[in-house]
S.K.: 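Below is a structure I'd like to ask you about.
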Amino acid sequence: MAAGDFSLKIPGRAEYMSVARVFIATVGVERSQLSRDRVDDLTIAVSEACTNALQAYRDAGQRDGRIRLLCSAEPGRLEVRVEDDGPGFGQPDFKLTSRDGTLTASAVMGLENGRGLSLMFALVDEAEVISSAAGTTVRLVTQR
């Protein structure tokens, strides 16, 4: 890992979500020099991504799932990847990204009603969800 990069691995259980939120908030405020509001928005988006991972593990009956948080911080920019080994969105090679405008009502229909995804995408500057049967990675970026 390069300077400015941090990682955390937590059990895929609800009682660890506060640890994830504190981790992102602390790294964000201390290392990115972004405003508290910007870091709070990203923290909420990360919490939604973690909640989706928890739900995927729960739906698959997996009790030993792990969630990995990879955080890269530099002045004016904070990027977080939330990774899990859950079953994904039940579609082969699912990808949704904010950069090419593919987040639409039809794109998220049937995916946990799309509310969590829509919220994540609205709270950050860049968002990307890549999912397969081997797991899901959610990449979230906030910057000045």
Side-chain angles (χ1 to χ4, degrees), residues 1-74 76-99 102-143:
M1 278 191 155
D5 289 348
F6 304 88
S7 66
L8 176 70
K9 186 187 288 188
I10 59 173
R13 296 197 309 263
E15 59 263 34
Y16 289 92
M17 291 305 96
S18 61
V19 174
R21 287 189 292 271
V22 169
F23 171 72
I24 298 305
T26 302
V27 170
V29 169
E30 295 294 322
R31 302 294 179 158
S32 72
Q33 300 172 1
L34 291 168
S35 72
R36 171 62 83 174
D37 287 343
R38 298 292 287 154
V39 173
D40 286 349
D41 285 349
L42 180 63
T43 301
I44 292 168
V46 167
S47 185
E48 286 294 324
C50 289
T51 298
N52 286 350
L54 289 176
Q55 188 63 48
Y57 284 135
R58 196 174 6 239
D59 290 351
Q62 294 176 308
R63 295 187 176 273
D64 59 348
R66 298 275 184 231
I67 298 171
R68 291 169 302 284
L69 299 165
L70 306 160
C71 187
S72 178
E74 60 188 57
R77 187 174 193 279
L78 184 59
E79 178 175 332
V80 178
R81 283 185 298 153
V82 178
E83 300 177 346
D84 69 66
D85 300 320
F89 285 95
Q91 302 174 28
D93 302 321
F94 174 81
K95 183 175 181 180
L96 194 60
T97 179
S98 62
R99 279 182 275 143
T102 57
L103 182 68
T104 63
S106 62
V108 296
M109 290 306 290
L111 302 175
E112 53 90 30
N113 296 324
R115 289 185 302 271
L117 290 172
S118 297
L119 180 62
M120 282 188 284
F121 278 57
L123 289 171
V124 299
D125 296 310
E126 285 181 40
E128 181 176 56
V129 178
I130 300 172
S131 186
S132 70
T136 299
T137 297
V138 177
R139 190 178 70 82
L140 304 162
V141 179
T142 295
Q143 52 198 5

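Throughout, numbering of the chain's residues begins at 1 and tracks the sequence.
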S.K.: Rounded to the nearest 0.5 Å, how far apart are CZ of R58 and OG1 of T51?
M.R.: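 R58 CZ to T51 OG1: 8.5 Å, rounded to 0.5 Å.
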
S.K.: How far does OG1 of T142 sit from CG of D37, to the nearest 0.5 angstrom?
M.R.: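 Between T142 OG1 and D37 CG, I get 11.5 Å after rounding to 0.5 Å.
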
S.K.: Taking the side chain as C-beta and beyond, is there a heavy-atom pair between E48 and V82 under 4.5 Å?
M.R.: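 Contact flag for E48/V82 side chains = no.
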
S.K.: How would you list, by chain and number, every residue that makes a side-chain contact (heavy atoms from CB on, under 4.5 Å) with Q33, sequence neighbours excluded?
M.R.: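 Applying side-chain contact (heavy atoms from CB on, under 4.5 Å) to Q33 gives P75, R144.
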
S.K.: Would you name the heavy atoms of A20 and L69 that are closest together and state the gap between them?
M.R.: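 It is CB-CD1, 3.5 Å.
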
S.K.: Do N52 and V138 have side-chain heavy atoms sitting under 4.5 Å apart?
M.R.: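 No; the side chains remain at least 4.5 Å from each other.
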
S.K.: Is any side-chain heavy atom of V129 less than 4.5 Å from a side-chain heavy atom of T136?
M.R.: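 Side-chain contact under 4.5 Å: yes.
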
S.K.: Within the side chain of S47, is there an N or O that forms a donor-acceptor pair under 3.5 Å with the backbone of T43?
M.R.: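 Absent.
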
S.K.: With sequence neighbours excluded, tell me which residues meet side-chain contact (heavy atoms from CB on, under 4.5 Å) with L123.
M.R.: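 By the side-chain contact (heavy atoms from CB on, under 4.5 Å) rule, L123 matches D41, I44, A45, L119.
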
S.K.: So do the side chains of L78 and R31 get within less than 4.5 Å of each other, counting heavy atoms only?
M.R.: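 Not in contact.
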
S.K.: Output every pair passing side-chain hydrogen bond (donor to acceptor under 3.5 Å, both in side chains) with a member in residues 78-87, not counting sequence neighbours, ordered by first then second residue.
M.R.: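 Pairs touching residues 78-87 that pass the test: R68-E83, R68-D85, R77-E79, R81-E83.
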
S.K.: Provide the closest heavy-atom pair for Q143 versus D125 in the form atom of the first, atom of the second, distance.
M.R.: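 Q143 and D125 have their closest heavy atoms at N-OD2, 2.7 Å.
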
S.K.: Do S32 and E74 have side chains that get closer than 4.5 Å, going by heavy atoms?
M.R.: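 SC-SC contact between S32 and E74 ruled out.
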
S.K.: Please name the pair of heavy atoms, one in D5 and one in S72, separated by the smallest distance, quoted to 0.1 Å.
M.R.: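 Minimum heavy-atom separation between D5 and S72: OD1-OG, 3.0 Å.
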
S.K.: Compare every heavy atom of G86 with every heavy atom of Q62, then report the nearest pair and how far apart it is.
M.R.: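 The pair with the smallest heavy-atom distance is OE1-CA, 3.7 Å.
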
S.K.: Does some side-chain heavy atom of R21 sit less than 4.5 Å from a side-chain heavy atom of C50?
M.R.: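 In short, these two side chains do not touch, never coming nearer than 4.5 Å.
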
S.K.: Of all heavy-atom pairs between E128 and F121, which one has the smallest distance, and what is that distance?
M.R.: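 Reported closest heavy-atom pair: N-CZ, 4.4 Å.
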
S.K.: Roughly how far, to the nearest 0.5 Å, is the CD atom of E15 from the CD1 atom of I10?
M.R.: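 Atom-to-atom, I10:CD1 and E15:CD are 10.0 Å apart.
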
S.K.: Of all heavy-atom pairs between G28 and V39, which one has the smallest distance, and what is that distance?
M.R.: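 Shortest heavy-atom contact: C-CG2, 3.8 Å.
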
